[in-house]
Structure formats: structure tokens, C-alpha cells
Amino acid sequence: MFLGIKLIRTRWVFWSFFSLCAAALLLCIKLTLPDKNTSTIVIYHTNDMHGALGSTYSDSGELLTIGADIIKTLKDSHENSILVDAGDSTQGTPLASFSKGRKIYEIMKAAGWDFVALGNHEFDYGSDNLLTNISETGITALASNVYNLDGSTFLKNQDGSAHKGVIKEVAGRKIGFFGITTTDTIHSTQKTNIKNLVFKDEKQTSLEEVKQLKEQGAEVIVAITHTVNDEIVKIDGIDFVIHAHSHEVYSKKVGETLVAQTGQSSSQVGELRIEFRENKPFFAHRLISRKELGDSKNAALPQIPPDPNIQDLYSKELKKVKETLSICIGRTPYTLFGGNINGVNVSRLSETNAGNLLADAILFDCEKNLNLHGTKMGRDMVALVNGGSIRNSILAGDVTIENILNLTFSNDKVVAKLMTPKELYEVLESGFKDTFLKDKMLQNENTAFPNVGGMRLEIDANAPGIEFDGESNEIIRNGSKVKKVVLIDANGTDKQVLSRSDNRTQIIVCIQEFVKNGGDQYFFSRKAETLNGTSSLPMRDISKNYMQYLESINKKDDYSADKTHIKFLNAAPGSNYNVLASINNGGYPLANSKIKIRADNKNESFTTTDENGNAIVTGLSSGPHSLSISYGNHDYFTDVYVNNMLGMVNTQLCLNLKEDDLANRKNSPTSTPAYNSPGMLWWLKVNGTSFNRSSIILKRLLRYTPF
């Protein structure tokens, strides 16, 4: 017994001595290498959130949108963290629109965003309003290449001096940041919003910023760029470039520089970890998915709880506008498709039924008001809407004011131009200038793609495009993509083919002010007269009024996805195509089951799924369609988008049932589920994209760049 005590004491003395030696060694190391040499700094980043600051969840608890409340908790989880945004945050949701961006900046400031770059859409409410938002919310904005006409910087410090790049000291380290706003802003917002501003060269400004930040002692330099400019990536001295504006998703290394972009609408968050070893920074970057931050179906994953204060702040602000937003103004039997579907911005590549409705809304409003003012005078009228104005879809069913605001959050007013057919062809050529075919699939490089009303078009996408000088507003080379323009009546029946050479007939062309002012590089002849008598309503109100009009006359069947106004010559192989539909029932394949498939809510066919829940939809005419299925005794109105001209021909349709119904499916795969309420939630996926009644979710892969 005493021997045991002696042995224990001997061990205790030994380990105590060892611990003292270790402590002394650690003290020696600490004195030789300060803490900051081994510190890790984390930079979290977002881009193109477009007002999506509220966390949203599916019925099963899956996180759909990463809100500011979760991002706040994420940032606070690391002591040495910085949070930045690469722009286009203050426009895109009703809350953003109602407050002209103010409430978005208030929430971002409260949630801990340290720096925000200015995107082109930050200027949509006017530059003066933007400066007021920045000043009154206290958000720190960066826009090094934006200047006033007098040569001073657009953003200024409190003492009035030039505000450009900044250095933030974290854990004893100096991290330099500067912001770049795309020079394309002159084409992607109203010219009246930026009439006194100059957007200087992105690369040259970045070179100047790197030099100044280095002189100020920056050990790491981060470029927050609301642009995708590969020349900035190549600049020596920039360690990390956060891109934005194109809504892409990537995390990659170009030479020695890390480059990343997180998509759009808060679909994920970027994370850059900087570890200093012997005064040298080492970097690791990854994209954090929604599933990592909150997925109640996977207990093994970390769950990031939302910050209650930010959650409460967002809820209170949203509640103030909710009563207005929830007013039902009509009902649509068809899903009105627009914006991003499966990571593809369909509105920028092809016409959509949402775009056709918006064009008809403009046409309806202009015709009504011009007739009242006596300026229509029996002339034919057409309309066009640029694809960039169509931001989201409205799923079949009730349509609320919120749906309309989300469909197009444009504050644009509408104007009417008096033009000849020759001039109209030139306008349309400028809309299709960057449209082309690759492997017989439609491609496009900007947001100009026109959705039209009052006419139908025939397009050769591979013909030469128009070229013109934006400064002089003169055509350099005529395009020949637009092969035919045909006027149509209210029923879609052909009235008259317009001649490209006709320089005498007068046509009224109804457009947004943004397009009229050369937005998206639309060309308008100086000779084209602007008519008096159009309404002063913004486009979103015009759209709301038109939807209410359709409801009042019970005319809602003109906007199925397959009713198109634009025909692409030789755009897709063959006249018909098939779609593979994989049908899932509560996570289990709907195997060996009889279903009814409806194309465009009218063409119905019965089929039976195979043992894997697959079915083939045959004989779809080339172009866009919506598909839905009926299983059991009820029809379901949530549609899925397919379009062979965009390569979207494989779909997955999923139905979430109650637990007892899932048990039925397990025990009897071919049985009819007991629960068939038409109000149950449908999930539909196209090539990995999920839809529910309030959102379109983009499925992304986690990418990681190691140290």
C-alpha cells in the first residue's frame, strides 16, 4: 500500500517536472514567435444576395436560404473573422424595394458585415439615395473606381477626403481591402441614376489600390469586385479576388491568386482562412453550402443557430410590408417561368412566358393611356422587355403582390417611341446581338435578350450581329440575325410582315426607360420620337394592373410555357424531343405506378413508371414546356421547366407525403397513398434544381482549395 503511494508520488513528481519543462519551452516559443505568427483569420464573403437576408426552410427543416441571422452566428463563431459582400445586395426583394435599399443595409450592418462593394444595382434608386443609405446606416462601402464628374471620389471619408481602399487590423495583421464596381453599370442601371458619375478602368484602378495598400503596410490584399475581370486576377500583389455580377459559383486558383464567387440570393457563403506561419500567409478557401449550416434531416452535420436579434430585426421589418405583399391579385393556371432555373438564367437565353406576360402588360398599359391622350391614332403597337428585368418565376396558383414584385423588381417607367420598321429591326438586332448557337443550343452573353409583345420574330442566331458605337450612338455594322418581324393581333394571329427596308410606316414601340436610354446596349435612332401620354407607373405596378385585368376578363390561358413569339431557325435538332422524368415519392422511387403527365397544363397522357420510378415524356415540340403529374385522385399545379434548346431535358419530380404515407410506400410500392390533399408540398427538380411555392433553389457542389 505504501509502496503504491510512493510510486504514485514519483510519477506525479516526474510529470510535474515534465509539465514545467514543457511550459518553459512554450514560453520560450511564445517569446520567439508572437501569437500573431500562428493566428488564423477567417474572411467570410457573399455576393449578389439581391435582398435575400431572411433564412428560409422547407417543411422538413432543410435550410433553403442562408439569411443574415445565420451569417451573423457564423461570423461570431470565429474570433478573428471579417465579413464582406461583393455587391448587388440592396435590390431584389420587396423589403429592398419598399425601403429603396435602406433596410437591407441596416440589417447587414447589424449582422456584422464589415465591408460592402457597390454593385450596379446599388445605383437603381439613384446615387443620392445610395449615399444617404450608406451615411445613415453606417455601412462601410467600397468603390475605388467610382468618381464624380469633378474628379473627386464618389465615396468620401468623414473628413471629406477620398475614401478608397482600407486596411483592417485583425490579430495583429493588416488586411487590405478595396472595391471595384463594374464599368458595365453605365448600361445596367438607369442613366439618370448615374448621370454625374464616372466608372474608371477596373484594372488600372486595381493596380493603383494595390500600390497604395502595400505602402500602408498591408500583408494580405483582398479585391472585392462586382465584376468578373480576369485582368484583375493577374495583378501581382492581390491574394484573393471575390468576384460578383455574373451569379456564378466557383472556388479556384489562378496562378498564385485565389478567386471565388458564391452564386446569388444567399445560396451559400464563401470562407477564406488565412494562417500566418513565420510571418508568411497561407490560404485555404471553400464554399459553405446550405446543408452544412442547417439541415435538420442530417444530425451529423453542424447546425448553425440563427442569431435571435437579427432574426427579430428582419421579421419586424418584413412584417411592416407583409399585409400589402400578401394581397391576392389573381390566379394563374400556368407557372410563369423566369430568372434562374437549374443555375441557368433562362430569361437571358430565350423568351419565357413570364417575359411575354410582362411585354403584354407594357403593351396594354401604353395602348390604354395613348388612346386616352389621343396619340395612338390607329398605329400598330409592339413591346419588348429585356431578359435582365425578369428575375423570378411565379408558380401556378394564386398570385400576390409579392409574386409580382419578385417577378420584376424594376422601378422603370414605360415610354413609347414612334419608329419605322427599319428602326424596329435595328432595335431588335441590338437585343439579339450576343445571342448565338453552340452545338445547336442557345447561348447569350448579356441581359439584353428581348421578350416581345404584339409581334412574332424569326431569328438566325448565327448570322452576324449588329455593331454600334455607344458614345456616338451610330451603327458601325448592321446585323442580320432578325430575319422576319410579323405583327400579330390580340389572339396571336398574323396581321402583317414588316419590311426591313420600310422607312416610312410608323410603329409605336413600348419599352422600359432603361432600354430606351441605351441600357443593355440597346440602340435607338435619334430620329425616333417619344410620344406623350404614357403612364407614370413603375413596371411592377403596370404588371400588377395587367394581372388584375386578366383576372377580370377571365383571360389567363395565353401564357402557357409553349406559347412562344420567337422562332430560332435551325436552333435544335429535330422538331420534337423526349424528356426523362424520374419521379420520387417521399424519398422513394414511385416505382411501377400509373401516373398522368400533363404538358403545359393541357396535353395529358397516361403512363406507368418503371422499377426505378422513371417515365419518358415523348413528342414535345422544340422549345420550352412545363410538366406536372397527377398521381392518385388529385392534380398538382406546381410545374417543372424543360427546354431542349437549353439542354434541359432530364427532370426529377418529388412528392413529400406524411410519415404514414411513406410507410405505405415502403410496404407497397405500387399502392395509392392514403393522403392526397391538393395542398401538400411538391418538390420538383430539373437537373438538380428544386422549386417550392416561394423560391427557386440552386444546387451547388462544395469546392475546396487547400493550404
Check your understanding: Taking atom types as modelled, is there a side-chain donor on Asn503 or Thr420 under 3.5 Å from an acceptor on the other?
Key -> yes
Review point. Is the shortest distance from a Lys or Arg side-chain nitrogen in Asp412 or Arg540 to a carboxylate oxygen in the other one below 4.0 Å?
Key: no
Exercise for review: Find the distance between CZ (Phe568) and CZ (Phe432) and round it off to the nearest 0.5 Å.
Suggested key: 5.0 Å
Check your understanding: Could you state the interatomic distance from CG (Leu424) to CE (Met455), rounded to the nearest 0.5 Å?
Key -> 5.0 Å
**Study point:** Summary of ring pair (Phe, Tyr, Trp, His ring centres under 6.0 Å) pairs that have at least one residue in residues 480-515, sequence neighbours excluded
**Key:** none
Point to revise | Between Gln261 and Ser246: side-chain donor-acceptor atoms closer than 3.5 Å | key: yes
**Study point:** Face-on cation placement of Lys422 at Tyr425 ring, 6.0 Å and 45° thresholds
**Key:** no
**Study point:** Salt-bridge present (Asp398, Arg331; N to O < 4.0 Å)
**Key:** yes
Practice item. May I ask you to check whether Thr400 and Glu402 show a side-chain donor-acceptor distance below 3.5 Å? Key: no
**Study point:** Test item: side-chain donor near acceptor, Glu202 and Thr227, under 3.5 Å
**Key:** yes
Review point. Between Gln512 and Ser389, does any side-chain donor sit less than 3.5 Å from a side-chain acceptor?
Key: yes
Check your understanding: Are Asn614 and Ser582 linked by a side-chain donor-acceptor pair shorter than 3.5 Å?
Key -> yes
**Study point:** Asp124-Thr189 side chain donor-acceptor pair, cut-off 3.5 Å
**Key:** yes
Check your understanding: Crowded around Lys567 NZ? As in, over 12 foreign heavy atoms under 6.0 Å?
Key -> no
Review point. Can a donor-acceptor pair be found between the side chains of Asn446 and Asp434 at a distance below 3.5 Å?
Key: yes
Review point. Is Arg456 paired with Glu458 through a side-chain N to carboxylate O contact shorter than 4.0 Å?
Key: yes
Check your understanding: Going by an N to O cut-off under 4.0 Å, is there a salt bridge joining Arg598 and Glu604?
Key -> yes
Point to revise | CA sep, side-chain torsions, deciding dist, call: His226, Asp88, side chain to side chain donor-acceptor pair (under 3.5 Å) | key: CA-CA 8 Å; His226 194 82; Asp88 276 9; 3.2 Å; yes
Review point. With distance as the sole criterion, is a donor-acceptor pair present between the side chains of Thr182 and Asn120 under 3.5 Å?
Key: no
Review point. Do other residues, nucleotides or ligands put more than 12 heavy atoms under 6.0 Å from the CZ atom of Arg477?
Key: yes
Review point. Where do Thr262 and Asn47 land on the side chain to side chain donor-acceptor pair (under 3.5 Å) test, with the steps shown first?
Key: CA-CA 6 Å; Thr262 66; Asn47 63 266; 2.7 Å; yes
Review point. How about Tyr559 and Phe337: are their ring centroids closer than 6.0 Å?
Key: no
**Study point:** Distance (rounded to the nearest 0.5 Å) between Leu428 CG and Glu426 CD
**Key:** 10.5 Å
Review point. Are side-chain N/O atoms of Asp562 and Ser560 paired as donor and acceptor at under 3.5 Å?
Key: yes
Review point. So, are Lys563 and Asp600 salt-bridged, with charged N and O less than 4.0 Å apart?
Key: no
Point to revise | For Thr90 against Ala96, the heavy-atom pair lying closest together | key: O-CB, 3.3 Å
Review point. In terms of side-chain geometry, is the basic nitrogen of Glu429 or Arg500 positioned less than 4.0 Å from the acidic oxygen of its partner?
Key: yes
Review point. Nearest heavy-atom pair of Asn406 and Gly92: which atoms, and what distance?
Key: OD1-O, 4.0 Å
Review point. Going by distance alone, is a donor N or O of one side chain under 3.5 Å from an acceptor N or O of the other, for Gln91 and His50?
Key: yes
Point to revise | Spacing of Asn643 atom CG and Met645 atom CE [to the nearest 0.5 Å] | key: 5.0 Å
Exercise for review: Run through Leu407, Asn451, Ile542 and flag the one making a side-chain contact (heavy atoms from CB on, under 4.5 Å) with Leu358.
Suggested key: Leu407
Review point. Above 12 or not: heavy atoms from other molecules or residues under 6.0 Å from CG of Asp502?
Key: yes
Review point. Side chains of Tyr641 and His625: donor-acceptor distance under 3.5 Å anywhere?
Key: no
Review point. Yes or no on side chain to side chain donor-acceptor pair (under 3.5 Å) for Asn386 and Asp520, after CA distance, side-chain angles and deciding distance?
Key: CA-CA 8 Å; Asn386 69 312; Asp520 279 343; 2.8 Å; yes
